[in-house]
Amino acid sequence: MTTPALNTVSDTFALTTPLYYVNGRPHIGSAYTTMAADALARFYRLRGRSVLSITGTDEHGQKIERTAQSRNIAPQLHCDEMVGEFNRLWEKLNIQYDRFSRTTTPRHHLIVKEFFQRVWDKGDIYLGEQQGWYCVACEEFKEERDLTEEKCCTTHPNQKAEWRDESNYFFRLSSYQERLEELYSAHPEMIQPESRRNEVLSFMKQGLQDFSISRVNLAWGFPFPTDPDHTIYVWFDALLGYVTALLDPDDEPTLDNALKRWWPIDLHIIGKDISRFHALYWPAMLMSAGLEVTQKLFIHGFLTKDGLKMGKSTGNALDAFELTDRYQSDAVRYYFLKEVEFGRDGDFNETRFVNVLNADLANDLGNLLNRTLRMAHKYCEGKVPAVAIPDSDALRSRGEALEGQVVNAYKNVAFHEACGAVLGLAQAGNKYLDERAPWTKYKEGKQEIVEEILYAVLESVRLAAYWLSPITPTLSGAIYKQLGYDVSFSNLKEEAAITLNNHGQWGILSAGQIMEKPQPVFQKLELA
RNA sequence: UGCGGCGUAGAGCAGUUUGGUAGCUCGUUGGGCUCAUAACCCAAAGGUCGUCGGUUCAAAUCCGAUCGCCGCCA
């Protein structure tokens with residue numbers, strides 16, 4: 001999706017998920033981040049922004065080399081297979097990305113070389129000694145005191161750390177201590193939420209040390225440009241995948257081309273496990289190369305299942321593929337984005353999952369449309385009534401207030417708030433029907449009042465569907481279809497989104513529009 | 001050891017900055033309505049706000065101590 005570069009900087013919005021490490025198949029955590037990014041991308045498209053939604057994979061490093069080895073296949077083949085799995089899941093989840101950035105591509109290699117050269121010329125890379133315990137799973141050196149008696153790091157208690165004594169090239173992170181401190185004290189809002197920001201700041205306060213950006217005895221990586229015995233450390237290469245992603249498909253892979261339109265990136269969405277790399281290493285690397293840093297970093301929490309940490313070893317991992325097959329993408333997207341405050345840890349519980357989906361989407365919203373639409377067919381021949389709703393109407397005021405609330409929520413990456421506001425309108429609609437009882441008014445022959453009531457509720461449902469569409473595109477499309485529109489929120493491209501830009505306002509549903517026969521837009525879920 | 005967070009009805013959370021009858025969603029129970037996907041609307045039950053002590057006319061909210069859980073410390 002490329003468009004002419006006519007927009008000013010503020011018209012574009014580039015956001016990223018992490019480039020996922022392809023050690024294994026995608027898990028629910030990766031899905032969580034990607035659903036959030038997709039919802040946000042869809043929101044900004046609705047607002048008329050040019051959006052570049054970036055995801056991808058991080059494919060180098062010892063861990064992948066060994067995983068491929070154990071599977072008896074070439075690393076590249078292993079990566080290709082995993083990429084297929086990621087794509088398959090994103091499709092299932094109705095995720096529309098604009099760029100899928102892979103770190104093993106030749107164009108990425110060229111970007112890395114050019115970037116490396118800038119940092120090298122700046123004098124920020126030097127050869128040093130490093131020895132200590134190395135956890136291959138983390139791809140990091142560990143302090144002795146952080147290891148268990150069996151020499152395992154706490155994150156990977158089943159994998160022994162290895163003693164390494166090697167020469168590595170280091171990046172002078174320490175030189176950037178002051179500039180990073182200045183950056184975050186001038187712009188504290190760059191790291192969200194606050195609790196994570198404080199962790200980053202207190203880590204920084206202890207003093208930043210240089211980190212190694214090369215590895216020896218590792219074939220699966222880009223060769224170190226100035227020393228063929230080394231390969232580039234996987235993180236140095238992976239972060240640059242964000243830059244490579246900005247290239248248009250037919251661009252020469254140069255830094256200038258990559259940076260021409262979308263830089264600086266507006267938002268990185270990441271999990272709390274990689275905040276240090278994104279909040280400290282990455283901006284320092286960018287400063288070294290003379291580039292602007294990313295505008296905002298949003299760090300979300302981890303998911304548990306029934307209150308327990310998920311893990312392969314514990315065997316309680318939630319399979320994102322299965323879950324989506326069973327309940328469909330909208331349900332999965334809605335549950336995680338509505339029921340978990342983004343930034344905090346959250347829990348998956350299947351009973352709660354079913355309860356929430358049924359209560360919110362099937363009953364409050366879906367059934368509201370159903371009952372109103374049925375009346376519209378009984379009382380108004382299935383056409384949108386031609387009436388004007390007075391300013392003073394309570395439901396109308398509520399519908400009009402929604403835009404402000406929801407926009408604010410999405411801008412703050414507070415999906416649960418956006419959902420809450422939308423649901424509030426649906427609940428108000430139900431109550432409004434109950435209080436005004438159009439079925440009674442109809443029997444009394446008060447046709448005009450009936451039409452007013454129905455219009456107000458139908459328009460509220462439309463607004464709710466519209467504002468929920470970043471999260472539940474399929475459902476929103478189904479609602480719009482029943483209301484007589486020919487719009488797909490699922491495959492919303494920039495051009496189509498623009499025609500919908502004003503749909504956040506009250507009064508868009510036009511008189512006389514022929515609506516479909518009511519049919520449940522969201523089937524009730526049952527516990528499997 | 002250090003820094004930070006959390007502990008409020010069966011579950012998930014808000015309220016703690018600026019003390020003053022304990023609130024929201026889901027679930028449960030009862031009633032209402034009949035347009036609806038047994039749905040929606042109303043109401044009720046359910047909490048000595050981790051524990052102990054202090055300040056105060058009054059504390060979930062302030063102070064001290066204590067227990068438990070979690071995060072960060074390359």
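Just so it is clear: chains get the letters A, B, ... in the order the sequence lines come, proteins before strands, and each one is counted from 1.
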Close N/O contacts between protein and nucleotides 28-30 of chain B (under 3.5 Å):
none

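- At whole-Å resolution of the value, NZ in A:Lys443 and P in B:rU34 are 6 Å apart.
- In this structure B:rU18 sits in no base pair that meets the Watson-Crick or G-U test at under 3.5 Å.
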List every contact pair, protein side and nucleotides 14-16 of chain B side both N or O, where the distance is under 3.5 Å.
unit_1 : atom_1 : unit_2   : atom_2 : d
B:rA14 : OP1    : A:Arg344 : NH2    : 2.1

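- Using a 4.0 Å heavy-atom cutoff across all strands shown, A:Asn349 reaches no nucleic acid atom at all.
- Here the separation of B:rG5 from B:rA44, taken at their C1' atoms, is 36 Å to the nearest Å.
- A straight line from CG of A:Leu361 to C1' of B:rU37 spans 13 Å, rounded to a whole angstrom.
- Comparing the C1' positions of B:rC49 and B:rC24 gives an interatomic distance of 15 Å, to the nearest angstrom.
- Residue pairs that meet the side-chain hydrogen bond (donor to acceptor under 3.5 Å, both in side chains) test with at least one member in residues 448-462 of chain A, sequence neighbours left out, are A:Gln447-A:Glu451, A:Glu459-A:Arg462, A:Arg462-A:Tyr480.
- Residues satisfying the side chain to side chain donor-acceptor pair (under 3.5 Å) criterion with A:Asp237, sequence neighbours excluded, are A:His60, A:His108.
- Comment: A:Asp393 engages A:Arg436 in a salt bridge, judged by a side-chain N to carboxylate O separation of less than 4.0 angstrom.
- Position along RNA chain B of the nearest nucleotide to A:Asp360 versus A:Tyr379 favours A:Asp360 as the more 5'-ward residue.
- One C1' atom belongs to B:rG47, the other to B:rU21, and the distance between them is 15 Å to the nearest Å.
- Computed from coordinates, the A:Asp273 CG to B:rA74 C1' distance equals 14 Å when rounded to whole Å.
- Between the CZ atom of A:Phe342 and the P atom of B:rG12 there is a distance of 21 Å, rounded to whole Å.
- A:Trp439 places its CH2 atom 11 Å from the P atom of B:rC33, with the value rounded to the nearest Å.
- Nearest heavy-atom pair, A:Leu286 versus A:Val293, reported as atom, atom and distance to 0.1 Å: CD1-CA, 3.9 Å.
- Across all strands shown, B:rA58 has no partner, as no Watson-Crick or G-U wobble contact with both distances under 3.5 Å is found.
- Contacts of A:Phe522 with the nucleic acid, taken as non-hydrogen atoms under 4.0 Å apart, include base atoms.
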What protein N or O atoms touch nucleotides 69-71 of chain B N or O atoms at under 3.5 angstrom, if any, and at what distances?
unit_1 : atom_1 : unit_2   : atom_2 : d
B:rG71 : O2'    : A:Arg196 : NH1    : 3.1
B:rG71 : O2'    : A:Glu199 : OE2    : 2.6

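- Every ring pair (Phe, Tyr, Trp, His ring centres under 6.0 Å) that A:Tyr20 has, sequence neighbours left out, goes to A:Phe86, A:Trp90.
- Mapped onto RNA chain B by nearest heavy atom, A:Asn355 and A:Arg276 fall at different nucleotides, with A:Asn355 at the one closer to the 5' end.
- Aromatic pair A:Phe224/A:Phe116: ring centres closer than 6.0 Å.
- When heavy atoms are screened at a 4.0 angstrom cut-off, A:Gln209 is found touching base atoms of the nucleic acid.
- For residues 402-429 of chain A, the salt bridge (Lys or Arg N to Asp or Glu O under 4.0 Å) pairs, not counting sequence neighbours, are A:Arg47-A:Glu403.
- Checking B:rU37, B:rC41, B:rC35 against the side-chain heavy atoms of A:Gln427 singles out B:rC41 as nearest.
- A:Asn363 comes within contact range of the sugar-phosphate backbone alone, with a heavy-atom separation under 4.0 Å but no base atom that close.
- Nucleotides B:rC62 and B:rC70 place their P atoms 25 Å apart, quoted to the nearest Å.
- Under the 3.5 Å distance criterion, with hydrogens and angles disregarded, a donor-acceptor pair is assigned to the side chains of A:Ser167 and A:Glu129.
- Comparing the same atom, C1', in B:rU29 and in B:rG46 gives a spacing of 11 Å after rounding to whole Å.
- Pair check for B:rC69 finds B:rG5; Watson-Crick or G-U wobble, both atom distances under 3.5 Å.
- Counting non-hydrogen atoms under 4.0 angstrom, A:Lys378 reaches the backbone sugars and phosphates but no base.
- Counting non-hydrogen atoms under 4.0 angstrom, A:Tyr281 reaches a base of the nucleic acid.
- Remark: A:Glu199 pairs with A:Arg196 by the side chain to side chain donor-acceptor pair (under 3.5 Å) rule, at least two apart or across chains.
- For A:Lys481, the salt bridge (Lys or Arg N to Asp or Glu O under 4.0 Å) partners at least two apart in sequence or on another chain are A:Glu516.
- At a threshold of 4.0 angstrom between heavy atoms, the contacts of A:Val521 include nucleobase atoms, whether or not backbone atoms are also involved.
- The pairing partner recorded for B:rC52 is B:rG64, the criterion being a Watson-Crick or G-U wobble arrangement whose two distances lie under 3.5 angstrom.
- Every residue two or more places apart in sequence or in another chain was checked for a side chain to side chain donor-acceptor pair (under 3.5 Å) with A:Glu65, and none qualifies.
- In this structure, A:Gly307 reaches neither bases nor backbone, as no heavy-atom distance under 4.0 Å exists between it and the strands shown.
- Base pairing of B:rC40: its partner is B:rG32, meeting the Watson-Crick or G-U wobble criterion (both donor-acceptor distances under 3.5 Å).
- As rounded to the nearest Å, B:rA9 and B:rG27 have C1' atoms that lie 12 Å from one another.
- Within the nucleic acid shown, A:Leu423 has no heavy atom closer than 4.0 Å to any nucleic acid atom.
- A straight line from OH of A:Tyr233 to P of B:rA74 spans 14 Å, rounded to a whole angstrom.
- Nucleotides B:rG20 and B:rA60 place their C1' atoms 13 Å apart, quoted to the nearest Å.
- Applying the side-chain contact (heavy atoms from CB on, under 4.5 Å) test to A:Glu182 and every residue at least two apart in sequence or in another chain returns A:Glu178.
- The interatomic distance linking A:Leu201 (CG) with B:rC73 (P) rounds to 14 Å, in whole Å.
- Counting non-hydrogen atoms of neighbouring residues, nucleotides and ligands closer than 6.0 angstrom, the CD atom of A:Glu194 reaches no more than 12 such neighbours.
- A:Asn430 places a side-chain N or O within donor-acceptor distance of the main-chain N or O of A:Asp364, the cut-off being under 3.5 Å.
- When each of B:rG12, B:rA74, B:rC35 is scored by its nearest atom to the side-chain atoms of A:Asp434, the top-ranked nucleotide is B:rC35.
- For A:Glu444, the side chain to side chain donor-acceptor pair (under 3.5 Å) criterion is met by A:Lys446, not counting sequence neighbours.
- Here B:rG32 presents its P atom at 19 Å from NZ of A:Lys431, a figure rounded to the nearest Å.
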